[in-house]
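The first residue of the sequence shown is numbered 1, and numbering continues consecutively from there.
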Amino acid sequence: MKKTRLISVTAVLLAFILVGVILIGIGAGTIIKDKKYTKTAESTQAYVSTVKNSDGSRQYVLWYLVDGEAFTPEYIFKEDDYIGKEIIVYFTKGAPETIFIETEKVYYNLLYIGIALAAVSAVALGAVWIPVEKKKYIIKNGKTELVRIEKIVDVIGGRKILCDSKKIRGENAPQFKSQTLKGKIPKDIINTAVIVYYLPKHRNFYYIDTNTIQMGDGAK
């Protein structure tokens, strides 16, 4: 991947991670705050008695008692029909008319979406950068060898070259495979040589330097 594209992809993925973290913060923060409130607040059973339509929204009238006094505040539920149901309402002592029922599902959705977005973006970022860092490490710490190009194969997004690995990994070892190459690759590179970097103690970790391939005039 070219450096400019790598920087662009990294910036986009980091932005997605940031958005995910923000969504996690909003969702988790609201959920935690609500749970703390319900632990210290007063609570009682309320009866959902009637519904009113106002500006297209559904408004419900709750009926409940606090110290023998009846309260009938209006409350807007965003989903489901609560008419005829009994629910628990929470309120601060001294202000029973101001109630809280439960954390809205949207905050749980924000939390789950944020976790998924941040996790997927982090995995994608790793998939982008791990090969880059792996290549740097192998080039810095590995040995070099010339290997013979045996075959060119078509893959999704381009082509790969397969190289003889017997000299490095022994008989019957799988061929070395290059990264995906774009554009045309002339067949006359077969049986020519290319430089491979490899780790002597971990010979399955290697990098084929395709820039050392002697391309013919047909290459683009």
| Pairwise distance CG(Asn109) to CD(Glu104) - rounded to 0.5 angstrom | 11.0 Å
| query | Do you reckon Ile113 sits in the same ILVMFWY cluster as Val19, going by side-chain contacts under 4.5 Å, direct or chained? | reply | yes
| request: Give every residue pair that meets the ring-ring contact (aromatic ring centres under 6.0 Å, His included) criterion with at least one member in residues 83-102, sequence neighbours excluded. | output: Tyr37-Phe100
| said: Counting C-beta onward and ignoring hydrogens, is there a side-chain heavy-atom pair between Glu97 and Pro73 closer than 4.5 Å? | reply: no
| Rounded distance [0.5 Å steps], CG in Leu14 versus CD1 in Ile7 | 11.5 Å
| Test item: Thr44 and Ile88 side chains (from C-beta on) under 4.5 Å apart, heavy atoms | no
| Any side-chain heavy-atom pair of Val9 and Arg5 under 4.5 Å | yes
| task | Could you pull out the closest heavy-atom pair between Leu23 and Gly114, with the gap in Å? | result | CB-CA, 3.8 Å
| request: Determine whether Leu6 and Trp129 make a side-chain contact, defined as any pair of heavy atoms from C-beta on separated by less than 4.5 Å. | output: yes
| field | Ionic contact status for Lys143 with Glu145, cut-off 4.0 Å | value | no
| said: On a heavy-atom basis, which atom in Val194 and which in Cys163 lie closest, and how many Å separate them? | reply: CG1-SG, 3.7 Å
| request: State, to 0.1 Å, how close Leu65 and Gly68 come at their nearest heavy-atom pair, and which atoms those are. | output: CD2-O, 4.1 Å
| field | Exercise: identify the closest heavy-atom pair between Leu146 and Ala193 | value | CD2-CB, 4.1 Å
| request: Could you tell me whether a side-chain N or O of Arg169 sits under 3.5 Å from a main-chain N or O of Lys166, the two making a donor and an acceptor? | output: no
| task | Check Val89 against Ala46 and note the closest heavy-atom contact, atom names and distance. | result | CG1-CB, 3.6 Å
| query | With distance as the sole test, does Lys39 use its side chain to make a donor-acceptor pair with the main-chain N or O of Asp34 at under 3.5 Å? | reply | no
| Sidechain-backbone polar pair: Thr212 side chain, Ile195 backbone, donor-acceptor under 3.5 Å | yes
| said: Tell me whether Ile139 shares a hydrophobic cluster with Tyr198, the cluster being built from Ile, Leu, Val, Met, Phe, Trp, Tyr side chains joined at under 4.5 Å. | reply: no
| request: Could you state whether Leu18 and Tyr112 fall into the same hydrophobic cluster, counting links through intermediate Ile, Leu, Val, Met, Phe, Trp or Tyr residues with side-chain heavy atoms under 4.5 angstrom apart? | output: yes
| said: Do Leu199 and Tyr197 sit in one hydrophobic cluster, given that two such residues count as connected whenever their side-chain heavy atoms are within less than 4.5 Å of each other, even indirectly? | reply: yes
| query | Taking side chain as C-beta onward, heavy atoms only, is Ile99 less than 4.5 Å from Leu62? | reply | yes
| Does the side chain of Gln175 come within less than 4.5 Å of Asp164's, by heavy atoms? | no
| field | Rounded distance (nearest 0.5 Å) linking atom CH2 of Trp63 with atom OH of Tyr47 | value | 10.5 Å
| query | Quick one: does Ile168's side chain get under 4.5 Å of Ser165's, heavy atoms only? | reply | no
| Euclidean distance, Ile149 CD1 relative to Ile213 CD1, rounded to 0.5 Å | 4.5 Å
| Heavy-atom side-chain contact between Thr30 and Leu111 under 4.5 Å | no
| task | Return yes if some donor-acceptor pair links the side-chain N/O of Lys182 with the main-chain N/O of Gly157 below 3.5 Å, else return no. | result | yes
| query | Listed by chain and number, what are the ring pair (Phe, Tyr, Trp, His ring centres under 6.0 Å) partners of Tyr137, not counting sequence neighbours? | reply | none
| task | Would you indicate whether Asp154, at its atom CG, is surrounded by more than 12 heavy atoms from other residues, nucleotides or ligands within a distance under 6.0 Å? | result | yes
| task | Can you measure from NZ (Lys33) to OG1 (Thr103) and round to the nearest 0.5 angstrom? | result | 9.0 Å
| query | Are Val12 and Ile22 connected, step by step, through hydrophobic side chains (Ile, Leu, Val, Met, Phe, Trp, Tyr) whose heavy atoms are closer than 4.5 Å? | reply | yes
| query | To the nearest 0.5 Å, how far apart are CG in Leu117 and CG in Leu110? | reply | 11.5 Å
| For Tyr207, which of Lys136, Gln179, Lys134 qualifies under side-chain contact (heavy atoms from CB on, under 4.5 Å)? | Gln179
| said: Going by ring pair (Phe, Tyr, Trp, His ring centres under 6.0 Å), name the residues that satisfy it together with Phe205, two or more places apart in sequence or in a different chain. | reply: none
| So which of Leu162, Ile152, Ile161 actually passes side-chain contact (heavy atoms from CB on, under 4.5 Å) with Ile190? | Ile152
| Check: Phe176 ring centre within less than 6.0 Å of Tyr206 ring centre | yes
| task | Quick one: closest heavy-atom pair of Pro131 and Gly126, and the distance? | result | CD-O, 4.0 Å
